[in-house]
Amino acid sequence: MTDTDTAPSSGHRRPGDPMIRLERVSKQYPGQASPAVHEIDLDIPDGEIVMFVGPSGCGKTTLMKMINRLIEPSSGRIILDGEDVTSVNPDQLRRRIGYVIQQIGLFPHMTIAQNIALVPKMVGWDKGRVEARVDELLELVGLDAAMFRARYPKQLSGGQRQRIGVARALAVDPPVMLMDEPFGAIDPITRERLQNEFLRLQQDIRKTIVFVTHDIDEALKMGDRIVILEEGSHIAQYDTPEHILSNPANDYVADFIGQGASLKRLNLARVRDVELMQWPTLAATSSRDEVASALQASELGSVLLLDDERRPVQWVDARDLDRGVALEEAGLGPDAIVQLQATLQDALDEMLSSSHGVAVVVDGDGAYLGAVDFATVATAVSAMRREARDDAVAAAGQLASGDEARV
Amino acid sequence: MSLGGGEGPRMRTALAPQEKELVFAGAVPGQSLGKGLEDEGDAAEDIPVRRRRRFPLLGYAGMPVALGLAALLLYLWVQGRELDSIEARRVNAEVIREAFVEHMKLSAVSTVIVIALAVPLGVLLTRSFARWVTPGVVAIANIGQSVPSIGVIVLLALAWDIGFWPAIVALVAYTLLPVLRNTMVGLQQVDHSLIEAARGMGMTKVAVLGRVELPLAVPTILAGVRTALVINVGTATLATFTAAGGLGDIVSGGISTSRDTTIITGAVLTGILALSIDWLAGVAEDLLRPKGL
């Protein structure tokens, strides 16, 4: 990733200032009685994912599109990276802001490489640098550059196209990305995976991201902060997912979160945050005797066989051994496998449908790391609830003391 | 020869089939972790850009062969007949070649002018600032198309002059609509999300038009041009009535002298020419269609 003369940072921003600041931003369409967006003030901190969430027609997309001025605000100011961009050339402005939409919008008549190279070429990179960047980005989103460079969008699956959409938005390494329901049109399984991949990517790239969704679960999972919007782009609550779950600001927010706040809290914790339990494992090439003695040594009733790259191959328990078939044919394949960045909700979901009541945790290469069981999840949930309650008490205490001081 | 009467193929606005089949590979639950990305890649690997050619090889070769055969049959048939002096005056290589060249000129010049007028006009009329004039302009183009072509040609000859250029103007008026309409439809059907993506990444409006909208509209525009070409080849037959020449001379000469051989020669040649042009335009359409669509 090249830092020099990529999407230019104006550098007016003082440390600690927000990356994006909206000041009394409004949008009034001609001929409409009430404004679509009414005097919004909003600070979006550097390097965080801020989710805009709300029902259809609440103006969340309008609000987002005013940041790159695809929709021109009627009044108010937009400060990007310390610079007032309310009246700069909008085309130039947009080249500094990555943009991903639900329909992805890959140009079907251009190859993947051409699609990604569009913005770098617009800002005047030379050919060699553009090519190197295209390959780098393809690898970054987990696609083999040699294989995908010359393909057309039509030859890609939905998930692959979405990855290219993200790569294209990252092309000139802009500090800010706007994402409009980027995973909205993708099947649930692929969406889950893309969300996880994106979170892992964000750990490395640390962009400031405005992410629009109508799905509160996605907001809770993806967001460092969440803006919950009501009709007319009124901000009902702007806070971290934890605080929104434990202290909804009003009935509207509580309604919007819906039932099962405890269950939703599972979306906030990730497998990497909890202590993994260890399951007895053996190489898949082990003999029956080795398996039998491992089974005896453990209270867990089954052992997990791993291949030579430590990837889970199958479960074997005592009954499987007794059946007298070859070891490779005994037992069940590993059915519940999660990665470290999966949420506890994902893990629980896998667990419930697994044969052994545990989810096996693997690293990025699929190698075994440990396991998560129901007890682990339960412990994590109660710890989170306790933390949230303590936070709330502390916040209430501060508020109270502040009031007293003012009085 | 129905092509001669301006009843030829009408609007080819029928859009190229929207090939939007999503290729969902690798969305396999369970085994998709870890090496998931590569799995997906492998699954999608063998999908060719064009799953099937619009014209198989046989289709490309078939039409020229058939037209060549038709020309040969016509030649043999004419050879086998005794031509009287009136017939021989029209049905001879010299006259036919001249009429043929005139006919090609009429069709080609009118089509070039139509493209030069209709494509830019179509672009202008689909820009947001022109929304309010669009219906009016399309209505005018519709009138040009609705009035029978013979009427347009004769009216122009009466009001202006006879000869080559009035005939060209009549042909242009008549075929402006298919190209204009296809240009507009082609531009309007470009997926709006593509335009939004292009604007959102900082392309100027001109760049969006040149790099996204027009390339994606090319297949539809070409279909309109092909329609215009074929109509022009057919309608140019009528230019004989205003002394603009062309294969119509042979047909009408045959009619006025009651010589069937002459009529048939002229009519069949017009048909062969129209079908050849249509075939050529079809090949051009396939070659010029942007890859990846």
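Letters A, B, ... are given to chains in the order of the sequence lines, protein chains preceding strands, and every chain is numbered from 1.
- Looking at B:Ala207, neither its backbone nor its side chain comes within 4.5 Å of chain A, counting heavy atoms on both sides.
- In this structure, the salt bridge (Lys or Arg N to Asp or Glu O under 4.0 Å) partners of A:Arg69, at least two apart in sequence or on a different chain, are A:Glu72.
- Annotation: the span from B:Met203 atom CE to A:Arg95 atom CZ amounts to 9.0 Å, rounded to 0.5 Å.
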* Determine, stepwise, if the pair A:Asp91 / B:Arg199 fulfils salt bridge (Lys or Arg N to Asp or Glu O under 4.0 Å). => CA-CA 8 Å; A:Asp91 292 325; B:Arg199 296 290 287 150; 3.3 Å; yes

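- In this structure, A:Phe107 and B:Ala198 approach most closely via the heavy-atom pair CZ-CB, 3.6 Å.
- Of all heavy-atom pairs spanning A:His109 and B:Pro290, the tightest one is CB-CB, 3.8 Å.
- Chain B forms more heavy-atom pairs under 4.5 Å with one residue of A:Leu118, A:Asn68, A:Val100 than with any other, namely A:Leu118.
- Annotation: side chain of B:Leu194 is not in contact with side chain of A:Gln103 (no heavy-atom distance under 4.5 Å).
- Neither the backbone nor the side chain of A:Asp144 comes within contact range of chain B; no heavy atoms are under 4.5 Å apart.
- The heavy-atom pair separating B:Ala197 from A:Arg168 by the smallest distance is CB-NH2, 3.8 Å.
- Nearest heavy atoms, A:Met110 versus B:Arg211: CE-O, 3.5 Å.
- With values rounded to the nearest 0.5 angstrom, A:Leu106 atom CG is found 9.5 Å from B:Ser193 atom OG.
- Here the CD atom belonging to B:Glu196 is positioned 5.0 Å from the CD1 atom belonging to A:Ile101, to the nearest 0.5 angstrom.
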